[in-house]
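Computed from heavy atoms alone, side chains included, the values below leave out hydrogens, waters and symmetry copies. Remember, it's 1-based here, ligands and their atoms both numbered in the order they're listed. Count residues from 1 along the sequence.
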Amino acid sequence: MATILVTGGCGYIGSHTCVELINSGYDVIVLDNLYNSKEVVLDRIKMITGIRPKFYKVDILDREGLNRIFDENKIDAVIHFAGYKAVGESVSIPLTYYKNNISGSINLYEIMKDHGVKTLVFSSSATVYGDPASVPIKEDFPLSTTNPYGTTKLQNEQILKDVYVSDNKWSILLLRYFNPIGASKSGLLGETPNGIPNNLLPYIAQVATGQRDFLRVWGNDYDTVDGTGVRDYIHVVDLAKGHCKAIEYALKHEGVECINLGTGHGYSVLQVKDAFEKACGKKIAYKIMDRRPGDIATCYADTSKAKEMLGWQAEYNIEDMCNDAWNFASKNPNGIE
Ligand code: NAD
Ligand code: UD1
């Protein structure tokens with residue numbers, strides 16, 4: 001079976017993807033600088049799969065470290081998760097974001113090329129669609145961004161399309177994730193944000209555990225089912241399984257393709273709050289606030305390309321996502337330690 005290098009493999013999506021790759025029989029090597037994660041995650045992966053992936057504590061900005069990994073291992077493909085992801089922070093420290101997400105990624109692509117490794121799955125985001133003119137969103141919709149984080153995703157996509165044009169032996173999948181939430185059913189892996197969470201699910205979970213007083217609902221005057229923002233939430237385990245399908249495809253086909261990974265269903269903030277209340281058996285206090293700058297009303301995916309090309313579609317529903325998120329949050333109130 002092929003050997004897959006997973007950059008950012010100790011992080012939220014990366015760790016769940018390692019589990020699914022190992023369960024599918026792949027050899028997994030993890031690279032992470034542990035900026036936003038902990039090495040103990042690898043022990044949790046072992047508790048679930050029986051295998052602790054080989055680990056390199058390396059920064060993608062460190063070319064020597066990257067070279068060493070490719071010199072010491074016969075790598076068949078790379079899944080590239082490593083990067084910074086906080087939208088608000090990217091507005092305050094754009095150069096740090098461009099350095100990590102662009103310069104770091106270019107290092108990785110160059111060193112892959114030097115070692116003849118030309119199969120890559122890249123973590124892009126639905127953020128590249130900006131404010132879409134309509135929903136569901138298809139892969140050929142116009143692209144635009146509103147913040148440096150989003151721009152790093154769009155620029156990586158463009159860089160990788162150019163790489164393919166220069167050498168048609170590359171096989172590159174640009175996976176555009178919608179809103180990943182939930183956690184491993186084991187309760188051993190999940191999302192552990194630092195500080196005050198920006199994203200909806202981690203915030204609701206902290207209200208449920210008593211770490212926050214109430215949910216701030218950013219606006220209820222959108223043109224949606226109940227006035228609150230609608231998003232395509234996808235279970236992180238479904239997303240991880242999508243990466244296995246993507247690797248399987250990429251190892252067999254040359255080319256460059258953008259693919260949405262979502263469920264195709266939209267839920268409003270209040271619908272998610274209600275589902276979480278059912279999962280945790282508690283009321284989630286909330287207050288309606290002004291709209292959050294930069295937010296859009298509605299965003300959900302057309303998922304037909306993933307189904308046709310990868311033979312993949314999401315299986316879990318919003319109840320599963322909330323149940324699993326709560327299971328993890330209640331078992332790990334201080335995160336993974
Ligand atoms: P995460 O922060 O949990 O994981 C990213 C991992 O990369 C962390 O373990 C971090 O320590 C590591 N990392 C960061 N910079 C690094 C560097 N220079 N060298 C080595 N390791 C480095 O984030 P996540 O939620 O798992 O997201 C993974 C990828 O998916 C990111 O590229 C993110 O932008 C993208 N994405 C995430 C979401 C989401 O909602 N979580 C949505 C769309 C796209
Ligand atoms: C955010 C990022 C996006 C990223 C995505 C997935 C922004 C502007 N965009 O999208 O780039 O790809 O996360 O990680 O940050 N909400 C509340 N109260 C809260 C938090 C959120 O009402 O405390 C609402 C938001 O207004 C939105 C929905 O919940 O309607 C989802 O928000 P969030 O989880 O932050 O994700 P996005 O904004 O969709």
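- Under the 4.0 Å criterion applied to side-chain N and carboxylate O atoms, R292 and D295 are assigned as salt-bridge partners.
- Counting atoms of ligand 2 from 1 in the listed order, those under 4.0 Å from a heavy atom of T127 are 11 (O).
- Cation-pi contact between K185 and Y316: present, with separation from the ring centre below 6.0 Å and deviation from the ring axis of at most 45°.
- If you look at Y233 next to ligand 2, the close heavy atoms, those under 4.0 Å, all belong to the side chain.
- Applying the salt bridge (charged side-chain N to carboxylate O under 4.0 Å, His left out) rule to pairs touching residues 111-124 yields K118-D167, sequence neighbours excluded.
- Heavy-atom contacts of G8 reach the following atoms of ligand 1: 6 (C), 7 (O) (cutoff under 4.0 Å).
- Considering backbone and side-chain N/O atoms, Y149 never comes within less than 3.5 Å of an N/O atom of ligand 2.
- Nearest to atom 4 (C) of ligand 2 among the protein's heavy atoms is S125 OG, 4.3 Å.
- To the nearest 0.5 Å, atoms OG (S24) and NZ (K245) are separated by 8.5 Å.
- Checked against the 6.0 Å centroid criterion, the rings of F81 and H243 qualify as a close aromatic pair.
- Within the structure, ligand 1 has L31 among the residues with a heavy atom less than 4.0 angstrom away.
- For H265 and F178, the ring centers are positioned 6.0 Å apart or more.
- Ionic pairing of K57 and D32 is not present here: no N-O contact between side-chain nitrogen and carboxylate oxygen is shorter than 4.0 angstrom.
- When I318, N317, T263 are each tested for a side chain to side chain contact (heavy atoms under 4.5 Å, CB included) with Y233, only one passes: I318.
- The single protein non-hydrogen atom nearest to atom 31 (C) of ligand 1 is F81 O, 3.1 Å, given as residue, atom name and distance.
- Residue contact check: V217 has heavy atoms under 4.0 Å from atoms 22 (O) of ligand 2.
- For atom 25 (C) of ligand 2, the closest non-hydrogen atom of the protein is D295 OD2, 3.5 Å.
- When each atom of ligand 1 is checked for a heavy atom of Y149 under 4.0 Å away, the hits are 33 (C), 34 (O), 35 (C), 36 (N), 43 (C), 44 (C).
- Partner T298 forms a side chain to side chain contact (heavy atoms under 4.5 Å, CB included) with one of D223, V230, I137, D131 and no other, that one being V230.
- Looking at N198 against ligand 2, only its backbone comes within 4.0 Å, counting heavy atoms.
- In summary, the atoms of ligand 2 found under 4.0 Å from a heavy atom of R216, numbered by their order in the structure, are 17 (C), 18 (N), 19 (C), 22 (O), 23 (O).
- Taking a 4.0 Å cut-off on heavy atoms, N179 fails to register as neighbouring ligand 1.
- In terms of protein heavy-atom proximity, atom 13 (N) of ligand 1 is closest to N33 OD1, 3.4 Å.
- Not a single heavy atom of H80 sits closer than 4.0 Å to an atom of ligand 1.
- In N199, the parts holding a heavy atom less than 4.0 Å from any atom of ligand 2 are both the side chain and the backbone.
- Using a 4.5 Å heavy-atom threshold, the side chains of R231 and V269 count as separate.
- Of all protein heavy atoms, the one closest to atom 10 (O) of ligand 2 is N179 ND2, 4.1 Å.
- Residue contacts with ligand 1 include P180, since one or more of its heavy atoms lies under 4.0 Å from the ligand.
- Nearest to atom 3 (C) of ligand 2 among the protein's heavy atoms is V87 CG2, 4.1 Å.
- One option in C10, S123, G83, G150 has a heavy atom closer to atom 14 (C) of ligand 1 than any other, and that option is G83.
- For atom 21 (C) of ligand 2, the choice among Y177, W218, Y222 with the nearest heavy atom turns out to be W218.
- Numbered from 1 in the order shown, with element, the atoms of ligand 1 that lie under 4.0 Å from a heavy atom of S124 read 43 (C), 44 (C).
- The aromatic rings of F276 and W326 sit perpendicular to each other, their planes meeting at more than 60°, with 30° as the lower class boundary.
- No continuous path of ILVMFWY side-chain contacts below 4.5 Å connects I102 to Y149, so the two sit in separate hydrophobic clusters.
- Between the N332 side chain and the G187 main chain, a donor and an acceptor come within less than 3.5 Å of each other.
- In this structure, R52 pairs ionically with E39, as a charged nitrogen and a carboxylate oxygen lie closer than 4.0 Å.
- Contact annotation for V269 and ligand 2: only side-chain heavy atoms (C-beta onward) come within less than 4.0 Å of the ligand.
- Under 4.0 Å is where a charged nitrogen must lie from a carboxylate oxygen, and between E277 and K283 at least one such pair does.
- Not a single heavy atom of A126 sits closer than 4.0 Å to an atom of ligand 2.
- Remark: ligand 1 atoms within the under-4.0 Å shell around heavy atoms of I60 are 17 (C), 18 (N), 19 (N), 20 (C).
- At least one heavy atom of L34 sits closer than 4.0 Å to an atom of ligand 1.
- At least one cation-pi condition fails for R216 and Y286: the charged atom is not both under 6.0 angstrom from the six-membered ring centre and inside a 45 degree cone around its axis.
- Contact annotation for R292 and ligand 2: only side-chain heavy atoms (C-beta onward) come within less than 4.0 Å of the ligand.
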